[in-house]
Structures are given as structure tokens and as C-alpha cells.
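From a predicted model like this one, the values you see are computed outputs, not experimental measurements. Within every chain, numbering begins at 1; the chains are lettered A, B, ... in the order of the sequence lines, protein sequences first and strands thereafter.
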2 protein chains.
Amino acid sequence: MKPATIRDVARRADVSVASVSRVLTGAGPVTDATRKRVMEAVEALQYVPHSGARSLSTSKTSTVGVILPDLYGEYFSELIRGMDLAARALGYHLIVSSSHDDAEEASAAIRSMRGRVDGLIVLSPHLGAANLAGSLAGRLPVLLMNAGADAGRPSIVVDNHGGAVAAVEHLIATGRRRIAHIAGPTGNLEAEARLAGYLEAMAAAGLPTTVVDGAFTKASGHEAGVQLAAMATRPDGVFAANDNMAIGAMLALQEAGVRVPEDLAVVGFDDVPLAGLVHPGLTTLRINIAEMGRSALERLVKLIQSAGAADADAACEVVRPQLVVRPSTNPATQNPTRASRASAAAAVPLPEGENP
Amino acid sequence: MKPATIRDVARRADVSVASVSRVLTGAGPVTDATRKRVMEAVEALQYVPHSGARSLSTSKTSTVGVILPDLYGEYFSELIRGMDLAARALGYHLIVSSSHDDAEEASAAIRSMRGRVDGLIVLSPHLGAANLAGSLAGRLPVLLMNAGADAGRPSIVVDNHGGAVAAVEHLIATGRRRIAHIAGPTGNLEAEARLAGYLEAMAAAGLPTTVVDGAFTKASGHEAGVQLAAMATRPDGVFAANDNMAIGAMLALQEAGVRVPEDLAVVGFDDVPLAGLVHPGLTTLRINIAEMGRSALERLVKLIQSAGAADADAACEVVRPQLVVRPSTNPATQNPTRASRASAAAAVPLPEGENP
DNA sequence: GTGTGTCATGTAATCGGTTACAAGGAAACT
DNA sequence: AGTTTCCTTGTAACCGATTACATGACACAC
């Protein structure tokens, strides 16, 4: 028993398919009598329009694709959440496709989106992917995220450089001088911008630099923390290129008997929900991730709706991270009392739902 | 400049559309000469097949829809990750649609999937949604998750009852007697099953019960923790209906000066990544969430591919959670040394990617 | 030379909608 | 009554692919 088509409905209501379509889409004039007959037939046959077919004739899918390198962790889950929220509100659907680390795979994924989506959001933290998106998507509107300052294409990027400078300046302001950096993976544009910001800010302050390699994972942060703890002249401040590594490093340091923040202050980047919950709470540069996702989707939809109109919204929106100070750098709250801890929690409300 | 269609390619290669289709799909016989000509035309025109059109004629979309109540937090993000992984491997795409708390909205979401997907995975923690899925999806294969033991439909459910019993028995085994329960939201089938398991296990042991209300959020757990700490005869053990609440409660208890696990042991449910990182590490019932997502998707695809064939895989697969003991209930590791904390971390490897 | 089998190719129907255009009917006007 | 106008409805083309079936060419056997 196959699902009913618009022709079945037309036959049953004894009208033409055009009339059924008009009733269902709300476009075009119909008398109340026919409308009623059509609705009854729809009801009786449990008819639901076939969106695939509709897409084909209107060349609109009301769907956007999201191409991600990966889907692990809170960063991307928050991002998707924000996008999904905006998508619902605008009547769009979301196709997610992740785990595209290498360019070849990402290219295939983009290609397979043709005819399935009206536009794409591409997160490409690696070099070259930006070009990819442009060349492969045909005439699909594409919004780039985290792709470095790729001029000439609509994009949203985080001010990684500025954030890193702010992190270092904060550490200096709290009296730290021997400040190390735990870097992200090479080739990742965001990691490189954060490193550059660190180097620049240190140079500006006339301080010597120390860089330890990392890979954006908690494990790599832990490893870096072990190295830092074992150094002859141990740093008294660390700026990690993301929260995950900062948290990993903090654990390693504490295991080695180094007190945070008394002996060594730690700053992360991103403000993932976890950052406010670890002990001590992590000072970090907050990006409102969900909000960024929402904004990205809304912008893409705007691009889609104004497609063709070359009023060229090729702007590169810059999101400026905001410094959130928590006990990991603030000796004033080094032994968090009940009050201070509670207030820290209150200051950083976590998005939460009724998950089991 | 519109993207090229199969007819453009055919014209340019001076063959029929049928031949182009045969070359591109790999089906049907073609000489090397025509294949070459077609490929050249494809290359020259940058042709990419329109998957929407292809779907219409083959009535296959290679896409599955996932209907979620919400997208917050690690539980669902892990679930989606598992599904996405499996989907890629099987050549499927994933449409996610979340935030459907009320039945009406969920029903609309399911309806809008017609013609867009080949099958659906529906997570319906609330009563009635199960029926919904059945009645609304037309003849789409549907896989239910967490919908209670809804016989007669393919589904995957967690053995919440059994897990709850295990949690209580573990607390009893470690010498606790005054064991309270922080319940999940009423109406949520999973929460109710966990509550029932708690009540039953306590009754079996001849112990009195205490139930505090919660809502599966960290905040509600915190509130419950405050209540517990203030009780005249304070419990010496707590089983929370999920990790989020357990963590919230643990924070509240510590703020009130109650030592965990010495004064009071805490057990959660789910084993979200965070559970192994809080202090003290949280004993919990582990569900391999990503794995469950993967398995769900694979099963749905199997359903799709064998559609029609009424060999009726209407089985209800049961996932049994596994007790993971961490310091929150184990006084032996109450002051975690470096070694013990490191081993705890090692025992619970976290999935991690290169997120910024 | 004719018959037959094989195999590559082309033609046209089809999937399930939307919509331009034509046509029909009733109301309103002269 | 005849004509104009407006409004509803129907017919059929179209979106971009797949594919059943028909066709034509060629080789081989008789």
C-alpha cells in the first residue's frame, strides 16, 4: 500500500491536481467548497506532500547542509544546537555531515549535497578547504566558518588573534611573567592565529616565550602539563589554545603537586560548558558557540533568499571572544568558598535540557 | 548561469541522456569510447548529479531523519556522533530535527520528513509519541528509541530498571542504608523506569525510601542536593536518575560541607564524558551512547533495505548499562592520589577530536 | 545472402509535485 | 439580450534524473 499522491487526492475530491496544489500551498484562488472537498480527501487518504518532488519543481529544498571536520565534544554540539534552533525558526532542515578531515573527503561530501540543500555552512579549520568550498559547490550559497580571513566570501570567523592577546595580557596583569603556550595542531588556522597572538603579546611585553605542542585534545593537554611541571624554571602562567587542553594540563599540573592558580595560572579558550565546572574554574575566552551557530544559519538563509542579487554580502563577520575570569587565574578566589563557587556557577549559566 | 543538467552533458558529449546516466551510475553497458566522451563532458561542464531528482526517480533518498526532543548536552551529541559515523560508512545522510517537546510539533516534524528521508529514528521519552510515530510516518520505516517497551515496533531501549537496581545494590554493598533517589521529570518514561527500579530494589532490601524531585538538569540536581544536605537524618547514599543531576547534587553537597563519598555516596546514570572528570569521579551506569547511536542507525538502514519483506524485525533490543565504579562511592579512593586519579582517567577514555 | 543473436544506444515514460496558460462560467454592465 | 470582465478550474509542460523497451549495427553461422 503505497502512500497517496496528489493525483489520488485529486481523483477522490473530483478536482484537478492543480486545485489540490493550490489548496495545499495556499497559493492561488480556490472556493471554499473545493477547499473543503480537497481537505476531506487529504484527511481520508492521510495524504502528506512529498517534499522531494516539491523540491524538484520549485528548486527549493528548505534544507541547509553543514560540513564539519568532526563532531566530538561540546564545541560542535553547541554549534549544531544553535543552528538547529535557528533552522526550525526559519522553517529549514539541517543535514549534518561530519568527519571530513581530509580535503578529498570533504569535497565528496560537498558534491553529494547538490540537489539536496539550498546552501552550505562549511567549517574548515584546515588550509585550502576554503578554495574547495568555492570551486565545488557550483552555484550554491556557502558560508564559511573558521576559515581564516578568507576575503571575498561570506564568512564568520573568531578573532583568535585578539583573544590570545587578551589572554596573555590578563596573565601579565595578574603578575605572571614566565608565560607558556600550549599550541593547537599545526595546519589548523585557528590554532595558528592563537599562537601568533600569544607570540605577539609576549614580544610586546618584552617577555620570553615558551611553546609546547598540543592537538586540541584533553590528552594532549595533559601531556603538555606534564612537560610544563617538569621544567627547570617552571612557568607561572599558561595560555592553552583551547579549554580542552587547558583542563588536561590543569589535571596534570595538580597531579604533579603544582597548585593552580597559586603556583601557576591557567587560561583556556572557547568557554565550553565544562570550563565553569572543573576545579578550579577555568579562566577562558568565551565564544558564545550556540549563538554563533544561530547567526551563521540566519546569515546563510539570507544569502539563499537573496541569491542572484549580487548585493554581495561577502563580508567577513568577526566574533570577538570575551575574557571570563575564574579562579584558575584569580588568587583572590583560590580557595573557593561556598559563596564564590556558587557565584561562579551563577555567572556562567549552562544551557541544559531534559536529557536522560 | 545555472548548473549543468544531465541533458547538457548529453548534448555536449553527443550521446543520449540514457548513456550519460549509465556511465554515471555504473549500471548498464557502455563502450569505452562513449564513457570517455561522457566523462570529458562532465569534466568540462563541472557537472554534478542532482540528488533530489535522482531520489524522485529511484524513490531512494539515502537519507535518514532523526527526531529528537532536544539537543542539549553530551547525551544527544554523543548519540548523533554515533549515528553520523554509521551513516557515513553506509553512504547515508543525516537530517536532524530537534526541540520537539510537545506531541504536536513532533508530529509536524515527522510529516515534513515525507519524501526527504528513507526512514526515521525517533527518540520519544514522553508517552504517546510512540503512537504518533506509527500513525504519522506513512509507510516509512521507523526505529524507536527510549520509548519504553513498545512492543510490535522495532526499537532500542535502555534497561533503565535493571540499571537502577544495580545502582542501589552497589550502594547497599558499600554499606549504605539511608539511600535517597533524585528523580527525573514526571512523564519521562526513562525517569519513571529508573524510579521504579530504585523503589523495587529498596523494597527488596527492606530499606525505607526517600525521593526528591528533579528535572534531569544540573540545576535541578543542585537544588535536590541542597534539600538532601538539610535533611534531619541525612541520607548516606544518593542515586540520581542521571549524571547531570548527580553532578549538580554533588556540588551542592560539597558546598554544604558534606564530604563525598565519606559522608554520602553518589551514583549517577549514563556515564557522560564529564562523569569521569568531576571531583570526585562519579560512579555511574554506563551506556555507550555513541555505540547505541551507531547500532540504531545500522538497524534502521537494515529495515529500509528489507522494506516490504515482512520478516518483521519488530524486536525490541535492550541495552544493558554497566556499572562503573569511581571514587564517588568508593572510600578506598576517597582521597585520590595521583596514581588513582590517573588510572581512573585511563579507565574511561574519552572520545576526543581536534576541536578548537 | 539471409537469419539470428548480441550488445550498445536512443526514445520516451515515469517519479510527484508546481505553475503558466487556456478555458469555462457566472456576475455585472450597457 | 449581448458583451465584457473577473474569477475559478483544468490541461499540460516542466523540474532532473532513471530505466523499460525499442532500435540499429554488427558478427557469425548456415
Side-chain angles (χ1 to χ4, degrees), chain A residues 2-39 41-42 45-63 111-118 138-140, chain B residues 2-39 41-42 45-63 111-118 138-140:
Chain A
K2 301 178 58 146
T5 75
I6 197 174
R7 274 167 248 275
D8 298 327
V9 176
R11 196 172 313 127
R12 171 142 188 158
D14 200 33
V15 296
S16 73
V17 291
S19 293
V20 177
S21 178
R22 281 191 271 261
V23 169
L24 261 36
T25 58
V30 265
T31 51
D32 288 345
T34 45
R35 184 190 316 283
K36 184 153 165 287
R37 289 235 300 288
V38 169
M39 293 312 281
V42 165
L45 297 172
Q46 296 248 42
Y47 171 72
V48 179
H50 188 289
S51 358
R54 179 175 288 178
S55 300
L56 188 54
S57 46
T58 57
S59 15
K60 283 180 192 326
T61 61
S62 297
T63 303
R111 216 191 324 267
S112 79
M113 289 289 181
R114 154 98 207 272
R116 224 183 267 283
V117 300
D118 294 336
R139 268 287 138 274
L140 273 186
Chain B
K2 301 180 58 146
T5 74
I6 197 172
R7 273 166 252 274
D8 298 326
V9 176
R11 196 170 314 127
R12 172 147 188 151
D14 199 36
V15 296
S16 72
V17 291
S19 292
V20 177
S21 178
R22 280 188 272 262
V23 169
L24 262 34
T25 58
V30 264
T31 45
D32 287 344
T34 48
R35 183 189 319 281
K36 185 154 163 285
R37 288 235 302 288
V38 169
M39 293 312 281
V42 165
L45 297 172
Q46 297 248 43
Y47 170 72
V48 179
H50 188 289
S51 356
R54 179 176 288 178
S55 298
L56 187 55
S57 48
T58 58
S59 14
K60 283 178 192 328
T61 61
S62 298
T63 303
R111 215 191 324 267
S112 79
M113 289 286 182
R114 154 96 206 269
R116 226 183 266 283
V117 300
D118 293 337
R139 265 290 138 273
L140 273 186

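Relative to the side chain of B:Ile6, the nucleotides D:dA17, C:dG17, D:dT9 differ in distance, and D:dA17 lies closest. The side chain of A:Ala18 approaches D:dG10 more closely than any other nucleotide in the set D:dT18, C:dG17, D:dG10. Of the listed nucleotides (D:dG16, C:dG17, D:dG10), C:dG17 has the atom at the smallest distance from the side chain of A:Pro49. Between C:dT19, D:dC15, C:dT9, one nucleotide has an atom nearer to the side chain of A:Ser57 than all others, and that is D:dC15. Comparing D:dG10, C:dG16, D:dT8 against the side chain of A:Ser19 picks out D:dG10 as the nearest.
Between the side chain of A:Ser21 and the backbone N or O of A:Val17, no donor-acceptor pair lies under 3.5 Å. Remark: the backbone N or O of B:Val48 is not paired with any side-chain donor or acceptor of A:Arg111 at under 3.5 angstrom.
Nucleic acid contact for A:Ser55: none, since no nucleic acid atom lies under 4.0 Å from a heavy atom of the residue. Within the 4.0 angstrom heavy-atom criterion, base atoms lie near A:Ser21. Among the protein residues, B:Val17 comes within range of the nucleic acid bases, having at least one heavy atom under 4.0 Å from a base atom. Within the nucleic acid shown, B:Ser51 has no heavy atom closer than 4.0 Å to any nucleic acid atom.
Where A:Leu56 and B:Val15 each meet DNA chain C at their nearest nucleotide, the meeting point lying more 5' is that of B:Val15. For the pair B:Gly52 and B:Ala27, nearest-nucleotide mapping onto DNA chain D gives the more 5' position to B:Gly52. Taking the nucleotide of DNA chain C with the nearest heavy atom to each of B:Arg35 and B:Thr58, the more 5' of the two is matched to B:Arg35.
Between the CG atom of B:Asp8 and the C1' atom of D:dC15 there is a distance of 13 Å, given to the nearest Å. Atom pair A:Arg7:CZ and D:dG10:P shows a separation of 14 Å (rounding to whole Å applied). Put simply, CZ on A:Arg11 is 12 Å from P on C:dG17, counting in whole angstrom units. Separating the CZ atom of B:Arg54 from the C1' atom of C:dC15 is a distance of 15 Å, rounded to the nearest angstrom. Atom pair B:His50:NE2 and D:dC14:P shows a separation of 17 Å (rounding to whole Å applied). The distance from atom NZ of A:Lys60 to atom P of C:dG16 is 23 Å, rounded to the nearest whole Å.
Separating the OG atom in A:Ser16 from the CZ atom in A:Arg7 is a distance of 10.5 Å, to the nearest 0.5 Å. The OG atom of B:Ser62 lies 6.0 Å from the CZ atom of A:Arg116; values are rounded to the nearest 0.5 Å.
A pairwise comparison of heavy atoms in B:Gly115 and B:Thr61 identifies O-CG2, 4.0 Å as the closest pair.
For a distance-only test at 3.5 Å, the side chain of B:Arg22 fails to qualify as a donor-acceptor partner of the base of C:dA8.
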